[in-house]
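Down below is the structure, laid out as structure tokens.
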Amino acid sequence: MATHRSRALWSRVMRSCRLPGFRSSWPRGPLGARHLSQEKQATETHFGFETVSEEEKGGKVYHVFESVAKKYDVMNDMMSFGIHRIWKDLLLSKMHPFPGTQLLDVAGGTGDIAFRFLNYVHEQHKGKQKRQLRAQQNLSWEEIAKKYQSEEDPLGGSRVVVCDINKEMLKIGKQKARAQGHKAGLAWVLGDAEELPFDDDKFDVYTIAFGIRNVTHIDQALQEAHRVLKPGGRFLCLEFSQVNNPLISRLYDLYSFQVIPVLGEVIAGDWKSYQYLVESIRQFPSQEEFKEMIEDAGFEKVTYESLTSGIVAIHSGFKL
Ligand SMILES: COc1cc(O)cc(C/C=C(\C)CC/C=C(\C)CC/C=C(\C)CC/C=C(\C)CC/C=C(\C)CC/C=C(\C)CC/C=C(\C)CC/C=C(\C)CC/C=C(\C)CCC=C(C)C)c1O
Ligand SMILES: C[S@@+](CC[C@H](N)C(=O)[O-])C[C@H]1O[C@@H](n2cnc3c(N)ncnc32)[C@H](O)[C@@H]1O
């Protein structure tokens with residue numbers, strides 16, 4: 001059994017070695033449309049390096065996340081050596097939510113961004129409470145104790161809605177929320193980024209972390225982000241991007257194609273989903289191309305910051 005498994009693994013490693021080594025020769029662009037004839041562009045898209053119909057793609061993406069949900073968090077720590085945590089923390093520092101912020105985290109999966117948000121606003125609120133108490137000089141110890149124990153909202157009115165298309169990812173997210181003691185200020189909604197189940201002008205911030213790459217019509221998801229944000233609201237996206245240092249790019253490619261699917265097989269028993277992950281990263285537009293797409297959806301003051309040599313980037317835009 002073990003021999004069969006390791007032989008199968010090895011044959012997959014060898015097959016993956018035949019993949020092109022340089023990103024510049026791979027099809028790029030949000031629809032991977034470079035090789036498609038004009039009349040096919042409306043109905044065909046890519047799923048990793050595979051060309052599939054637009055109708056097929058959603059189901060395939062659903063299957064990937066249904067399959068990886070249970071091992072999703074451990075895989076992220078293993079693949080990125082924990083670096084994905086730093087990227088997510090940086091997204092929160094960039095957001096720097098104000099008291100009362102209403103956040104929508106789309107493709108929120110197992111809740112990493114939402115939990116960071118809740119911890120951030122909780123700490124912020126505690127800090128504010130302490131400063132207020134220090135400023136009130138003549139309080140008795142009873143009054144101080146009462147203020148600490150008061151039923152006041154510990155989040156200062158901030159709320160987060162996690163929206164994801166995948167039931168299994170949300171299920172794991174809810175389990176994590178219970179384990180981490182998050183109850184208040186958090187809602188889970190099953191929904192599609194391309195057709196959000198929310199009214200217009202509802203949220204102060206929209207985040208999407210490692211999600212938009214998986215959406216079939218990225219332009220539609222961006223328009224939906226714009227629709228549900230209040231005027232003055234902010235769009236923030238953390239996503240894989242283009243590495244600009246040639247040496248790091250070469251090592252990263254080697255690591256991506258030779259190591260990540262192997263980790264996927266060994267840890268999650270799922271080579272294909274992790275092959276899809278690395279291929280989908282190569283299909284996603286560069287920092288500048290994605291910036292243009294965000295502007296096309298109506299966002300203004302669009303900027304981005306590349307992190308870890310451009311392995312990922314955080315894009316930001318405002319609905320003005
Ligand atoms: C299905 O869809 C998904 C599933 C998911 O679970 C998650 C997602 C969404 C994704 C995330 C939330 C984040 C996931 C993170 C990543 C995909 C990885 C990002 C990668 C990094 C941060 C590491 C960057 C790596 C490099 C810059 C390349 C450096 C690489 C090397 C020195 C090794 C070169 C590799 C080879 C020569 C290939 C053969 C090597 C071996 C067989 C030995 C293996 C060696 C190691 C394991 C050690 C490698 C050491 C490093 C990579 C050190 C890196 C340190 C820094 C970058 C500071 C989702 O959509
Ligand atoms: C790589 S995970 C990211 C999860 C989380 N944001 C994080 O940073 O760990 C991608 C998520 O996107 C979700 N997703 C894919 N297509 C979607 C769509 N059309 N609408 C909403 N969520 C989608 C998947 O179900 C999955 O949970």
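Just follow the structure's listing: the first ligand is 1, and inside any ligand the first atom is 1.
- Across Ile165, Val68, Val162, Val61, heavy-atom proximity to atom 23 (C) of ligand 2 is greatest for Ile165.
- At least one heavy atom of Gly191 sits closer than 4.0 Å to an atom of ligand 2.
- Side-chain atoms of Glu279 do not come within 3.5 Å of backbone N or O of Phe257 as any donor-acceptor pair.
- Considering backbone and side-chain N/O of Ala193, one or more are found under 3.5 Å from N/O of ligand 2.
- When non-hydrogen atoms are compared, ligand 2 lies under 4.0 Å from the backbone of Phe210 as well as from its side chain.
- Not a single donor-acceptor pair under 3.5 Å links the side chain of Gln124 to the backbone N or O of Gly156.
- For the pairing with Lys230, the salt bridge (Lys or Arg N to Asp or Glu O under 4.0 Å) check across Asp201, Asp204, Asp199, Asp200 returns one residue only, Asp204.
- Backbone and side-chain nitrogen or oxygen atoms of Tyr72 are examined, and one is located within less than 3.5 angstrom of a nitrogen or oxygen of ligand 2.
- Ring pair His182/Phe115 is parallel by interplanar angle, where below 30° counts as parallel and above 60° as perpendicular.
- Side chain of Ser158 to backbone of Gly100: a donor-acceptor contact under 3.5 angstrom is found.
- Taking any N or O of Asp164, backbone or side chain, at least one lies under 3.5 Å from an N or O belonging to ligand 2.
- Proximity to Asp192 (heavy-atom distance under 4.0 Å) selects the following atoms of ligand 2: 18 (C), 19 (N), 20 (N).
- Interface atoms of ligand 2 facing Met169, defined by a heavy-atom separation under 4.0 Å, are 27 (O).
- For Asp89, the side-chain contact (heavy atoms from CB on, under 4.5 Å) partners are Arg116, not counting sequence neighbours.
- Linking Ile, Leu, Val, Met, Phe, Trp and Tyr whenever their side-chain heavy atoms come within less than 4.5 Å leaves Leu236 and Phe98 in two separate clusters.
- Contact analysis puts Lys88 in contact with ligand 2, with a non-hydrogen atom separation below 4.0 angstrom.
- For Phe235 and Phe299, the distance between ring centers is under 6.0 angstrom.
- Tyr62 does not count as a contact of ligand 2, since none of its heavy atoms falls under 4.0 Å from the ligand.
- Residue Ala107 places at least one N or O, backbone or side chain, under 3.5 Å from an N or O of ligand 2.
- Considering backbone and side-chain N/O atoms, Ala209 comes within less than 3.5 Å of an N/O atom of ligand 2.
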